[in-house]
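Heads up: numbering here begins at 1 and tracks the sequence. For the numbers below, each heavy atom of this structure counts, side chains included, while hydrogens, waters and symmetry mates do not. What you are looking at is a predicted structure, and each value in this text was computed from that prediction instead of being measured.
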Amino acid sequence: MSKIIKDRAVVEDDWNVLRLTETDSVDSVAIPGGKVIVPLKVWLAHPELKDRGDIGVWFASDERVEDLQEALAQNPRQFALIAVDFPKFTDGRGYSIGYLLRTRLHYDGELRAIGDVLRDQLFYMQRVGFNVFAVREDKNIDDALKGLTDFSEKYQTSWDEKTPLFRRVHRSAPAQDRS
């Protein structure tokens, strides 16, 4: 069983990610039993998945959160988890997807980063709302965990900090020169 970082702790991962091959069709792909995270387009094509409590859905970096807006409005607990795929380290579109899921769609469940997830990204992913990280298998997960605390202060606002630093820091007036 592989390991993930969940809520700042290394834990066992009992979920499988369904990835389509070149020969798979969205309409005819076999969806295994058990805890499985399916691509968004597969979930949209298979209405019977809505009745399963052991289904998560994952976004590709070129998909839009609005595709789940109606489903989440009807049932905010529709999914056991939502994941966002980072196909490569340099593709930052997943940050926007995570942020929009948290802020615009008010998703408050497990938000997982999958794909090319590295230590250098974790602090920033956490800032936009991710709370679970499936670190790339060839990387040390315990070392990656330290990436969540690489910085002690946040200057900008985001999902995790609504007030900018200049508003959080109290500065006293400089002493007046009395000469």
Side-chain angles (χ1 to χ4, degrees), residues 1-89 91-118 121-122 124-137 141 144 148 158-160 162:
M1 197 174 279
S2 63
K3 294 185 179 219
I4 56 172
I5 298 170
K6 182 174 184 175
D7 298 324
R8 296 180 165 250
V10 176
V11 298
E12 297 289 329
D13 183 17
D14 56 352
W15 286 85
N16 292 306
V17 178
L18 176 66
R19 298 220 181 246
L20 300 180
T21 65
E22 291 179 12
T23 60
D24 287 331
S25 161
V26 170
D27 297 323
S28 62
V29 66
I31 301 163
K35 294 181 174 182
V36 62
I37 309 169
V38 300
L40 174 62
K41 56 189 170 186
V42 170
W43 185 82
L44 292 170
H46 291 267
E48 71 276 10
L49 294 177
K50 293 175 176 76
D51 297 331
R52 282 183 55 179
D54 58 353
I55 290 289
V57 64
W58 65 265
F59 280 85
S61 61
D62 62 348
E63 293 176 321
R64 301 179 52 82
V65 297
E66 291 81 9
D67 292 337
L68 280 188
Q69 188 167 4
E70 185 179 324
L72 288 173
Q74 290 175 359
N75 181 2
R77 299 286 177 209
Q78 173 75 48
F79 305 102
L81 68 91
I82 295 178
V84 179
D85 185 40
F86 288 80
K88 55 186 175 180
F89 176 79
D91 188 342
R93 295 176 289 178
Y95 292 91
S96 297
I97 294 170
Y99 183 78
L100 292 172
L101 282 165
R102 292 291 193 205
T103 60
R104 190 174 292 167
L105 299 186
H106 307 289
Y107 178 69
D108 64 355
E110 179 178 318
L111 185 55
R112 181 182 292 213
I114 62 173
D116 195 14
V117 177
L118 305 174
Q121 301 164 290
L122 299 190
Y124 302 103
M125 289 175 169
Q126 173 185 252
R127 298 246 24 237
V128 298
F130 289 93
N131 65 318
V132 180
F133 310 92
V135 178
R136 206 168 75 188
E137 289 184 17
I141 196 162
L148 293 171
S158 190
W159 178 80
D160 67 338
K162 309 296 188 234

Novice: If we only count heavy atoms from C-beta on, is the I82 to L72 side-chain gap below 4.5 Å?
Specialist: yes

Novice: D67 vs K41, test: salt bridge (charged side-chain N to carboxylate O under 4.0 Å, His left out). Steps then yes/no.
Specialist: CA-CA 9 Å; D67 292 337; K41 56 189 170 186; over 6 Å; no

Novice: Quick one, L40 and L68 - any side-chain contact, counting heavy atoms below 4.5 Å?
Specialist: yes

Novice: Test side chain to side chain contact (heavy atoms under 4.5 Å, CB included) on V10 and I4; report intermediate values, then the result.
Specialist: CA-CA 6 Å; V10 176; I4 56 172; over 6 Å; no

Novice: Would R102 and D108 pass as an ion pair if we require N to O under 4.0 Å?
Specialist: no

Novice: Yes or no on salt bridge (charged side-chain N to carboxylate O under 4.0 Å, His left out) for D116 and K88, after CA distance, side-chain angles and deciding distance?
Specialist: CA-CA 5 Å; D116 195 14; K88 55 186 175 180; over 6 Å; no

Novice: Please name the pair of heavy atoms, one in D24 and one in T21, separated by the smallest distance, quoted to 0.1 Å.
Specialist: OD2-N, 2.9 Å

Novice: Does CD belonging to E48 count more than 12 external heavy atoms closer than 6.0 Å?
Specialist: yes

Novice: Between D13 and R112, does at least one N-O distance fall below 4.0 Å, as a salt bridge requires?
Specialist: yes

Novice: Given F79, which of Y107, W58, W43 fulfils the ring-ring contact (aromatic ring centres under 6.0 Å, His included) condition?
Specialist: W43

Novice: Indicate yes or no: at least one non-hydrogen side-chain atom of L20 is less than 4.5 angstrom from one of V29.
Specialist: yes

Novice: Going by heavy atoms in the side chains, are L81 and W15 under 4.5 Å from each other?
Specialist: yes

Novice: Spell out, as yes or no, whether a donor-acceptor pair under 3.5 Å connects the side chain of H46 to the backbone of S28.
Specialist: no

Novice: I'd like to check I5 versus V135 (side-chain heavy atoms, cut-off strictly below 4.5 Å). Are they in contact?
Specialist: yes

Novice: Between M125 and F133, what is the shortest heavy-atom contact and its length?
Specialist: CB-CE2, 3.6 Å

Novice: Kindly indicate whether the side chain of L18, heavy atoms from C-beta on, has any atom under 4.5 Å from the side chain of P39.
Specialist: yes

Novice: Quick check: are there more than 12 heavy atoms from other residues, nucleotides or ligands sitting under 6.0 Å from CZ of R19?
Specialist: yes

Novice: Does K3 NZ have over 12 foreign heavy atoms under 6.0 Å away?
Specialist: no

Novice: Side chains of Q69 and R104: any donor to acceptor distance under 3.5 Å?
Specialist: no

Novice: Can you check side chain to side chain contact (heavy atoms under 4.5 Å, CB included) on R93 and D62, steps first, answer last?
Specialist: CA-CA 7 Å; R93 295 176 289 178; D62 62 348; 3.7 Å; yes

Novice: Does the side chain of L101 reach to within under 4.5 Å of the side chain of L111, using non-hydrogen atoms?
Specialist: yes

Novice: Would you confirm whether the ring centroid of Y95 sits within less than 6.0 angstrom of the ring centroid of F86?
Specialist: yes

Novice: For E12, is the CD atom crowded, meaning more than 12 foreign heavy atoms sit under 6.0 Å from it?
Specialist: yes

